[in-house]
Student: 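Sending over a structure as structure tokens; questions will come in a sec.
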Amino acid sequence: MTPADLAAAVLEAVRGAVETGELHIDVPAEAVIERPKSREHGDYATNIALRLAKPAGRPPRDVAEAIATQLRRCAGVAAVDVAGPGFLNITLDGAAQGALVETIVAAGSSYGHTTALAGQKINLEFVSANPTGDLHLAHVRWAAVGDAMARLLQASAADVTTEYYFNDAGSQIDRFAASLYAVARGEQVPEDGYHGEYVAAVAEQVVADHPGVLEQPGEDALEVFRVHGIERMFGRIRSSLDQFGVHFDVYFNERDLHRLGRIEETVERLRAHGHVYESEGAVWLRTTDFGDDKDRVIVRSDGRPTYFCADLAYYVDKRDRGFDRIVIILGADHHGYVPRMRALVRGLGEDPDQTLEIPIGQMVSARGGRLSRRAGNVLSLDDLIEAVGVDAGRYAMVRSSMDSAIDIDLDLWASRTSENPVFYVQYAHARIASLLRNAAESSIDRGAVADADLSRLSSERETDLLGTLGEFPGVVTAAAELRAPHRIARYLEELSGTYHRFYDDCRILPRGDEELSPEAVPRLWLCEATRLVLANGLGLLGVSAPDRM
RNA sequence: GCGCCCGUAGCUCAGUGGAUAGAGCAGCUGCCUUCUAAGCAGUGGGUCGCAGGUUCGAGUCCUGCCGGGCGCGCCA
């Protein structure tokens with residue numbers, strides 16, 4: 001019996017109490033089931049009676065008693081106690097608990113998937129770094145978090161498209177092109193230009209691809225460096241992301257918005273909604289009507305649109321492509337953008353609470369490791385992969401809440417010790433894989449899971465493990481809804497610990513010439529179920545689940 | 001000055017209004033002739049930044065203050 005099954009049973013019990021006239025209330029849509037911190041409080045607990053006390057006009061404990069009476073009749077429920085202010089503490093019978101293993105094994109790689117977000121068409125944009133330099137640590141965080149979030153949303157049945165907004169127009173690009181051109185001609189890079197080894201490397205590649213470029217007139221040559229420099233730079237970015245295991249469904253070019261006239265269309269839409277005025281030669285949007293602290297220019301006095309006018313056109317484009325929810329992950333250094341963007345959306349007559357969501361992530365820095373001499377923040381994605389590897393790099397980035405600024409300790413994440421959380425989790429998976437290999441090599445036949453006596457999984461360590469395994473789908477759903485992939489990492493650490501304690505306490509394979517114990521087969525299936533959940537969870541984070549370490 | 005985020009064990013951090021606030025690491029004490037000791041058990045460690053408020057109940061919600069991070073362009 002899964003927590004979801006139990007929640008349904010609790011609601012059924014409430015319905016029963018209503019039908020018998022014990023309670024006079026509307027049956028709620030859902031029941032919250034949680035694992036009590038202390039096992040003295042049963043396998044599961046629900047606070048539903050506390051929540052229903054007010055509408056029922058009865059003391060919480062009375063409501064609890066009425067529900068408990070009904071719930072005790074439910075198959076698989078061994079005991080129901082009313083405790084404290086009105087909690088229902090529920091104990092399942094052994095067979096109902098053990099049956100979870102069969103549920104997990106049968107679901108396999110889809111265990112943890114739900115339909116919680118079915119029907120939602122979500123566009124998830126992240127990274128979107130300008131092609132003027134290599135990805136650095138902050139981008140890496142959004143790459144890891146965004147990719148994990150996409151996997152979570154998909155696991156919750158949302159229709160997700162991941163997108164990278166390729167900012168290939170604007171003054172930053174002009175500066176980048178000018179820097180490339182300067183370097184190629186052996187000149188000093190302008191003060192406001194881009195510096196670094198990669199600029200020289202890209203310039204060199206462009207010259208190699210276009211041998212005559214330096215003989216061309218200045219404007220033409222600059223255009224070659226602009227177009228092909230961006231292309232090269234973007235190639236570098238994509239190949240880094242590729243190595244990191246992050247692939248986007250759509251790479252969207254800002255240029256297309258300009259080329260297809262989408263910017264002008266968007267300005268006209270805004271104008272039609274009556275929030276546009278002209279002043280000092282520029283076109284303004286009256287965003288103060290929508291809570292912004294000042295009005296914003298959307299078309300500069302020289303006729304060029306501002307960057308967030310393009311961003312709004314991009315938003316419109318996404319909406320036109322049928323997405324009902326636009327999610328954009330941004331770093332805290334861009335959070336001032338949020339009220340503006342919301343105001344712009346309202347200027348279009350849409351409700352940003354329904355269509356636009358901008359999770360803000362706090363900053364990331366790094367210390368330690370031989371790369372730290374490169375002054376912390378300029379650590380690139382490639383540097384990180386070289387320093388700690390893909391798995392540790394991704395895990396380090398998703399392990400903490402986006403709301404927390406993090407400081408990555410490269411020495412710790414590079415270490416192959418128990419200090420390193422990703423190894424703790426991966427080790428649990430490898431340990432199980434090894435155990436299952438040994439069982440196979442000893443020719444132990446697990447048979448079919450349906451034939452295993454899973455009710456034998458009744459010791460404290462076994463039921464702890466079962467309980468934790470049962471939580472997984474709820475954790476995935478919560479992580480998806482709250483856009484909080486770090487919850488998966490924390491869960492996996494908890495599950496790993498629970499497994500290690502089970503492993504330490506419960507011998508599985510026979511030693512020497514011992515007989516196969518009656519617990520062996522059910523426990524092997526419990527191990528397999530645990531391995532599946534660890535693999536599924538790591539998969540949601542884009543981290544590998546090794547069979548050997 | 002205004003806005004967003006953070007403040008929880010020595011350190012790094014979890015904690016979707018519920019019961020005695022948790023984990024990992026670090027410290028100390030134990031556990032490997034047989035399934036991976038990259039593990040486990042035990043132990044110490046807390047004014048949940050401070051002060052009010054909301055309620056059956058607040059680390060969690062509200063207000064104010066203190067400390068830290070990040071923003072506040074016709075830059076992106």
Side-chain angles (χ1 to χ4, degrees), chain A residues 32 34 36-38 40-41 45 47 50-51 53-54 59-60 83-87 89 128-130 132 167 170-173 175 192 279-284 293-294 296-302 304-311 331-340 360-363 365 399-407 409 412 415-421 423-424 426-428 430-439 442 478-479 481-482 484 486-487 489-491 493-494 496-497 499-514 520 523-524 527 548-549:
Chain A
V32 176
E34 53 183 21
K37 287 167 197 154
S38 163
E40 292 161 23
H41 295 140
N47 63 356
L50 290 161
R51 290 175 182 277
K54 192 164 280 181
F87 289 102
N89 293 336
S128 295
N130 284 354
T132 53
N167 214 308
S171 56
Q172 301 298 325
I173 297 295
R175 285 180 201 168
D192 63 354
S279 172
E280 301 164 48
V283 180
W284 297 68
D293 52 3
K294 61 175 87 164
R296 305 292 170 176
V297 171
I298 52 175
V299 181
R300 299 182 183 93
S301 46
D302 64 6
R304 286 154 50 228
T306 58
Y307 79 95
F308 63 86
C309 186
D311 286 344
D333 52 344
H334 286 78
H335 77 254
Y337 169 97
V338 176
R340 253 172 296 178
I360 295 297
Q362 298 299 310
M363 307 312 277
S365 56
R399 184 176 185 258
S400 296
S401 158
M402 283 176 75
D403 289 340
S404 293
I406 54 173
D407 185 34
D409 182 337
L412 187 154
S415 72
R416 305 177 66 79
T417 70
S418 55
E419 293 179 288
N420 186 342
F423 278 99
Y424 183 77
Q426 289 183 314
Y427 176 71
R431 202 180 209 189
I432 298 172
S434 168
L435 176 59
L436 295 174
R437 267 198 308 276
N438 291 341
S442 307
E481 286 175 345
L482 298 170
H486 74 280
R487 284 167 177 260
R490 300 298 173 152
Y491 168 80
E493 289 167 29
E494 184 195 337
S496 299
Y499 178 76
H500 287 311
R501 284 185 285 279
F502 154 79
Y503 177 92
D504 190 63
D505 198 52
C506 298
R507 179 74 204 187
I508 299 168
L509 300 178
R511 321 166 197 241
D513 48 8
E514 284 176 5
R523 282 177 179 170
L524 282 168
C527 288
R548 295 172 202 272
M549 288 176 75

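Residue numbers start from 1 in every chain, and the chains themselves are labelled A, B, ... in the order their sequence lines are given, proteins ahead of strands.
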Student: To the nearest angstrom, how far is A:Leu412 atom CG from B:C13 atom P?
Tutor: 11 Å

Student: I'd like a list of close polar pairs between nucleotides 19-22 of chain B and the protein, N/O only, cut-off under 3.5 Å.
Tutor:
{"unit_1": "B:A19", "atom_1": "OP2", "unit_2": "A:Lys37", "atom_2": "NZ", "d": "2.8"}
{"unit_1": "B:A19", "atom_1": "N6", "unit_2": "A:Asn89", "atom_2": "OD1", "d": "2.8"}
{"unit_1": "B:A19", "atom_1": "N1", "unit_2": "A:Asn89", "atom_2": "OD1", "d": "3.1"}
{"unit_1": "B:A19", "atom_1": "N1", "unit_2": "A:Asn89", "atom_2": "ND2", "d": "3.3"}

Student: Considering only atom C1', compute the distance from B:A21 to B:G3 and round it to an integer number of Å.
Tutor: 31 Å

Student: Contact class for A:Cys527 (heavy atom, under 4.0 Å): base, sugar-phosphate, or nothing?
Tutor: nothing

Student: I'd like the C1' distance from B:G15 over to B:U20, given in whole Å.
Tutor: 16 Å

Student: Among all residues two or more places apart in sequence or in another chain, which pass the ring pair (Phe, Tyr, Trp, His ring centres under 6.0 Å) test with A:Tyr491?
Tutor: A:Phe472

Student: A:Tyr499: which residues meet the ring pair (Phe, Tyr, Trp, His ring centres under 6.0 Å) condition with it, sequence neighbours left out?
Tutor: A:Phe502

Student: When you measure from the side chain of A:Asn420 to the backbone N and O of A:Ser415, does any donor-acceptor pair fall under 3.5 Å?
Tutor: yes

Student: Look only at the side chain of A:Arg523 and the backbone of A:Ile508, and say whether a donor-acceptor pair between them is shorter than 3.5 Å.
Tutor: no

Student: Classify the glycosidic conformation of B:C32 as syn or anti, calling it syn when the angle lies within 90° of 0.
Tutor: syn

Student: Can you name the residues that form a salt bridge (Lys or Arg N to Asp or Glu O under 4.0 Å) with A:Asp192, not counting sequence neighbours?
Tutor: A:Arg175

Student: Measure CD1/A:Ile508 against P/B:C35 and give the value in whole Å, please.
Tutor: 12 Å

Student: Across the strands shown, which category fits A:Ser442 at heavy-atom distances under 4.0 angstrom: base, sugar-phosphate, nothing?
Tutor: nothing

Student: Do any N or O atoms from the side chain of A:Trp284 and from the backbone of A:Ser279 form a donor-acceptor pair under 3.5 angstrom?
Tutor: yes

Student: Under the side chain to side chain donor-acceptor pair (under 3.5 Å) rule, collect the residues that match up with A:Arg501, sequence neighbours excluded.
Tutor: none

Student: Can you name the ring pair (Phe, Tyr, Trp, His ring centres under 6.0 Å) partners of A:His500, sequence neighbours left out?
Tutor: A:Tyr424, A:Tyr427

Student: Grab the two heavy atoms, one from A:Ser301 and one from A:Ala282, that are nearest each other, plus how far apart they are.
Tutor: N-CB, 3.9 Å

Student: Using atom C1' in both nucleotides, what's the gap between B:A58 and B:G52 to the nearest angstrom?
Tutor: 14 Å

Student: What integer distance in Å separates A:Asp505:CG from B:C35:P?
Tutor: 16 Å

Student: Measure from CD on A:Glu514 to P on B:C35 and round the result to the nearest Å.
Tutor: 12 Å

Student: Suppose we screen for ring pair (Phe, Tyr, Trp, His ring centres under 6.0 Å). Which residues come up paired with A:Tyr307, at least two apart in sequence or across chains?
Tutor: none

Student: For A:Ser401 and A:Asp403, indicate whether the former's side chain and the latter's backbone hold a donor-acceptor pair under 3.5 Å.
Tutor: yes

Student: How close or far is atom P of B:A58 from atom CG of A:Leu50, stated in whole angstroms?
Tutor: 14 Å

Student: How far does the C1' atom of B:U54 sit from the matching atom of B:A14, given to the nearest Å?
Tutor: 27 Å

Student: Give RNA chain B the dot-bracket treatment, 5' to 3': Watson-Crick (N1-N3 with N6-O4 or O6-N4) or G-U (N1-O2, O6-N3) under 3.5 Å, [ ] crossing, | other strand.
Tutor: (((((((..((((....[...)))).(((((.......))))).....(((((..]....))))))))))))....

Student: With sequence neighbours excluded, what pairs up with A:Arg304 under the salt bridge (Lys or Arg N to Asp or Glu O under 4.0 Å) test?
Tutor: A:Asp302

Student: For the C1' atoms, the ones on B:G45 and on B:C11, what distance do you get once it is rounded to whole angstrom?
Tutor: 13 Å

Student: Can you check whether A:Gly336's main-chain N or O pairs, donor with acceptor, with A:Arg340's side chain at less than 3.5 Å?
Tutor: yes

Student: Hey, which of these two, A:Pro510 or A:Arg51, hits RNA chain B nearer its 5' end, going by closest nucleotide?
Tutor: A:Arg51

Student: Not counting sequence neighbours, which residues clear side chain to side chain contact (heavy atoms under 4.5 Å, CB included) with A:Asp505? List them please.
Tutor: A:Arg461

Student: Spell out protein contact along nucleotides 69-76 of chain B as letters: B when the base is contacted, S when just the sugar-phosphate is, - when no protein heavy atom is under 4.0 Å; keep the 5' to 3' order.
Tutor: BBS-SBSB

Student: Using the P atom on both, measure B:G17 against B:C74 and round to a whole Å.
Tutor: 40 Å

Student: Expressed in angstrom and rounded to an integer, what is the separation of A:Lys54 atom NZ from B:G17 atom P?
Tutor: 17 Å

Student: From the list B:U16, B:U36, B:C13, which nucleotide is the closest neighbour of the side chain of A:Ala430?
Tutor: B:U36

Student: Measure from CZ on A:Arg399 to C1' on B:A14 and round the result to the nearest Å.
Tutor: 8 Å

Student: In whole Å, what separates the C1' atom of B:G44 from that of B:G53?
Tutor: 37 Å

Student: When the distance from CG of A:Asn47 to P of B:U16 is rounded to whole Å, what number comes out?
Tutor: 14 Å

Student: Identify whether any heavy atom of A:Ser434 sits under 4.0 Å from a base atom; if not, whether one sits that close to sugar-phosphate; answer base, sugar-phosphate or nothing.
Tutor: base

Student: I'd like the C1' distance from B:G59 over to B:A19, given in whole Å.
Tutor: 15 Å

Student: Grab the N/O contacts between the protein and nucleotides 37-40 of chain B below 3.5 Å, and write none if there aren't any.
Tutor:
{"unit_1": "B:A37", "atom_1": "OP2", "unit_2": "A:Arg431", "atom_2": "NE", "d": "3.4"}
{"unit_1": "B:A37", "atom_1": "OP2", "unit_2": "A:Arg431", "atom_2": "NH2", "d": "2.2"}
{"unit_1": "B:G39", "atom_1": "OP2", "unit_2": "A:Ser418", "atom_2": "OG", "d": "3.1"}
{"unit_1": "B:G39", "atom_1": "O2'", "unit_2": "A:Arg431", "atom_2": "NH1", "d": "2.8"}
{"unit_1": "B:C40", "atom_1": "OP1", "unit_2": "A:Tyr424", "atom_2": "OH", "d": "2.8"}
{"unit_1": "B:C40", "atom_1": "O2'", "unit_2": "A:Asp504", "atom_2": "OD2", "d": "2.5"}

Student: Donor-acceptor pair, A:Ser442 side chain versus A:Asn438 backbone, under 3.5 Å?
Tutor: yes

Student: So does A:Val297 get a backbone contact from the side chain of A:Thr306, meaning a donor-acceptor N/O pair under 3.5 Å?
Tutor: yes

Student: If each of A:Glu493 and A:Ile406 is mapped to the nucleotide of RNA chain B with the nearest heavy atom, which maps nearer the 5' terminus, i.e. the 5' end?
Tutor: A:Ile406

